[in-house]
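A short write-up of the structure that comes next.
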Number of protein chains: 2
Amino acid sequence: MTSDGRVARGDRTRRAVLDTAVALATEVGLDGLSLGQLADRLEVSKSGLFAHWRSKEALQLATVDRAVAQWQERIIEPALRAPRGVRRLQALHEARIDFYAARVLPGGCFFANTEFEYNARPGPIRDRLAEAFQRWTAFLERLVQEAVDLGELPADLDVAQLAYEIDAFGISAVMRSRLLDPDTTYRHARLGLLNRLRALSPNPTLLTEGPS
Amino acid sequence: MTSDGRVARGDRTRRAVLDTAVALATEVGLDGLSLGQLADRLEVSKSGLFAHWRSKEALQLATVDRAVAQWQERIIEPALRAPRGVRRLQALHEARIDFYAARVLPGGCFFANTEFEYNARPGPIRDRLAEAFQRWTAFLERLVQEAVDLGELPADLDVAQLAYEIDAFGISAVMRSRLLDPDTTYRHARLGLLNRLRALSPNPTLLTEGPS
DNA sequence: AATTAATACGACCGGTCGGTCTTATTTTGG
DNA sequence: CCAAAATAAGACCGACCGGTCGTATTAATT
């Protein structure tokens with residue numbers, strides 16, 4: 001790294017390593033991730049990885065952080081370009097399903113896979129995952145609250161409840177898409193939110209049928 | 001095994017092994033399941049396991065089957081004691097959440113964990129999981145259809161859509177319960193279905209608030 | 001009671017894992 | 001142009017993995 005503000009060459013390679021690690025961990029698990037295989041795929045030596053991260057766990061934690069950044073870039077930021085309210089909520093849900101449907105990560109969803117992998121393993125990795133999930137939940141609830149504040153959803157709405165249901169539809173989408181017909185699965189995930197918002201919204205014309 | 005119909009002693013030990021395997025695999029993953037650790041926990045030798053199953057994969061497949069049987073005994077059969085219709089649907093959902101809340105398996109849900117673990121790994125294990133999940137989905141849809149046939153749900157209801165949402169609430173429950181407050185999570189999972197059924201049912205008095 | 005059949009055991013095999021260390025190569029600064 | 005410092009490489013370590021095999025113990029049969 002350079003001492004001034006420029007992005008050092010090492011930071012680029014560092015991010016390339018972590019992108020590969022995210023993709024690989026999504027397929028074989030964050031625990032099943034082998035440093036030897038990761039090094040092979042990157043065409044570097046295994047000891048080179050230890051020069052950047054002092055242990056496998058350190059690299060795993062950095063991998064979680066990189067996955068958070070990818071989620072931000074690929075799903076949250078596009079959704080924030082939609083106008084506030086139910087349309088932004090719908091845009092977020094659609095962006096997430098599109099992300100799954102596009103098979104950006106061949107292994108499905110890094111967070112879904114990893115959270116189920118570590119839900120019975122206390123430790124730094126699960127703590128980091130829990131932290132990320134809490135932020136995601138808070139973000140979802142904030143978007144629902146905005147729609148309420150705009151009068152697009154009822155004032156007495158149970159905000160956390162709707163946020164729970166939205167996330168549930170997303171989680172189920174990525175799981176079922178591997179076991180049942182993907183198109184049917186994604187349609188259920190989309191319709192789940194659409195029907196719910198239409199039932200709640202005093203102005204259903206805001207909501208579009210197709211992907212945003 | 002005996003040649004006649006009696007249950008041999010070996011079948012009992014076989015089931016005991018598989019029960020332990022289900023519990024262990026739910027914690028560390030069906031792939032991460034170590035035959036050495038399993039043998040240690042059972043206080044038998046590792047080679048003894050290979051006398052009953054010719055390979056690790058054979059034992060993993062038997063473990064999936066045993067988990068299916070546990071799900072049948074613990075969740076489906078109790079729910080079938082409730083009267084047909086929306087009350088049976090609700091009973092099934094409650095039994096599932098109770099099963100999670102009781103921490104019967106310390107690792108959470110065998111199927112949720114394992115399906116996310118194998119969703120990017122084609123092979124016999126994923127095939128077996130997919131088969132089990134298809135039967136589960138068909139069963140859920142059958143129960144919804146029964147409620148429609150009884151007139152307790154609208155005749156034009158999208159049966160598969162409601163089944164999708166019910167399962168989504170269950171999946172999310174077991175995942176979030178490890179990362180956020182469990183009681184809040186279970187309440188969201190219960191209310192998700194309850195609100196949905198109340199909005200759909202022409203006879204909401206059938207539905208009870210508390211656990212069945 | 002003696003022989004046979006079945007069973008359970010633990011040492012052992014090749015391979016892969018995370019991690020270390022010594023060596024060779026490249027880059028940098030004067 | 002050379003010395004010094006940083007970097008990458010690959011051999012190597014102990015631990016654990018799935019799986020095998022010869023042996024000792026138990027159970028069943030006559």
Side-chain angles (χ1 to χ4, degrees), chain A residues 1-4 6-18 20-22 24-64 114 117-118 121 123-126 128, chain B residues 1-4 6-18 20-22 24-64 114 117-118 121 123-126 128:
Chain A
M1 299 190 213
T2 58
S3 55
D4 55 36
R6 285 186 298 107
V7 173
R9 183 178 42 122
D11 286 2
R12 276 209 304 268
T13 68
R14 205 185 119 97
R15 233 177 48 180
V17 169
L18 293 179
T20 304
V22 168
L24 206 53
T26 305
E27 293 181 53
V28 300
L30 189 56
D31 190 68
L33 176 68
S34 154
L35 299 186
Q37 286 181 14
L38 178 62
D40 286 349
R41 183 176 291 203
L42 289 161
E43 289 179 328
V44 299
S45 69
K46 192 172 61 167
S47 41
L49 296 177
F50 281 94
H52 288 276
W53 297 276
R54 66 186 59 203
S55 68
K56 178 178 183 178
E57 190 177 84
L59 192 146
Q60 288 172 314
L61 289 171
T63 301
V64 173
T114 310
E117 185 181 0
Y118 280 88
R121 303 188 200 179
I125 294 177
R126 208 197 65 168
R128 185 81 54 117
Chain B
M1 298 192 214
T2 59
S3 53
D4 56 34
R6 287 186 296 109
V7 173
R9 181 178 43 118
D11 287 2
R12 276 210 303 270
T13 66
R14 207 186 117 97
R15 233 176 50 180
V17 169
L18 293 179
T20 305
V22 168
L24 206 53
T26 305
E27 291 180 55
V28 301
L30 189 57
D31 189 70
L33 176 68
S34 155
L35 299 186
Q37 285 180 16
L38 177 62
D40 286 350
R41 184 176 291 202
L42 289 161
E43 289 179 330
V44 299
S45 68
K46 192 172 59 167
S47 40
L49 296 178
F50 282 93
H52 288 276
W53 297 274
R54 65 186 60 199
S55 67
K56 178 178 182 178
E57 190 178 82
L59 193 146
Q60 288 172 313
L61 290 170
T63 302
V64 173
T114 309
E117 185 182 0
Y118 280 87
R121 302 189 201 179
I125 294 177
R126 208 196 66 168
R128 185 81 53 117

In a table with atom names and distances, give each donor-acceptor pair under 3.5 Å that connects a side chain of residues 27-44 of chain A to protein atoms at least two apart or in another chain.
{"residue": "A/Ser34", "atom": "OG", "partner": "A/Gly36", "partner atom": "N", "Å": "3.3"}
{"residue": "A/Ser34", "atom": "OG", "partner": "A/Gln37", "partner atom": "N", "Å": "3.2"}

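Atom NE2 of A/His52 and atom CG of A/Leu18 lie 10.0 Å apart (nearest 0.5 Å).
An OP1 or OP2 oxygen of D/dC17 is reached within less than 4.0 angstrom by a side-chain nitrogen or oxygen of B/Ser34. In terms of phosphate contacts, B/Gln37 brings no side-chain nitrogen or oxygen within less than 4.0 Å of OP1 or OP2 of D/dC16.
When the side chain to side chain contact (heavy atoms under 4.5 Å, CB included) test is applied to B/Ala16, no partner is found at least two apart in sequence or on another chain. Not a single side-chain hydrogen bond (donor to acceptor under 3.5 Å, both in side chains) links B/Arg126 to another residue, sequence neighbours left out. Taking the side chain to side chain contact (heavy atoms under 4.5 Å, CB included) definition, one finds that A/Ser45 meets it with A/Ser47, sequence neighbours left out.
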At a cut-off of 3.5 Å, list every protein nitrogen or oxygen paired with a nitrogen or oxygen from nucleotides 19-22 of chain D, distance to 0.1 Å.
{"residue": "D/dG19", "atom": "OP2", "partner": "B/Lys56", "partner atom": "N", "Å": "2.6"}
{"residue": "D/dG19", "atom": "N7", "partner": "B/Lys46", "partner atom": "NZ", "Å": "3.4"}
{"residue": "D/dG19", "atom": "O6", "partner": "B/Lys46", "partner atom": "NZ", "Å": "2.7"}

What does the list of N/O pairs under 3.5 Å between the protein and nucleotides 23-25 of chain C look like, with a distance for each?
none

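If you measure from atom CZ of B/Arg14 to atom C1' of C/dT7, you get 17 Å, rounded to the nearest angstrom. Regarding B/Asp40, its CG atom lies at a distance of 11 Å from the P atom of D/dC16, rounded to whole Å. Rounded to an integer number of Å, the gap from B/Leu30 CG to D/dG18 C1' is 14 Å. With rounding to whole Å, A/Glu43 atom CD is found 10 Å from D/dA9 atom P. Atom CD1 in B/Ile125 sits roughly 13 Å away from atom C1' in D/dG18 (whole-Å rounding). Between the NE2 atom of A/His52 and the C1' atom of C/dG19 there is a distance of 17 Å, given to the nearest Å. Computed from coordinates, the A/Leu49 CG to C/dT20 P distance equals 13 Å when rounded to whole Å. One can place CG of B/Asp31 at 15 Å from P of C/dT16, the figure rounded to the nearest angstrom.
When the nearest nucleotides of DNA chain C are assigned to A/Leu33 and B/Ala51 by heavy-atom distance, the more 5′-ward of the two goes with B/Ala51.
Put simply, the residue from B/Val17, B/Leu61, B/Thr63 that forms a side chain to side chain contact (heavy atoms under 4.5 Å, CB included) with B/Trp53 is B/Val17.
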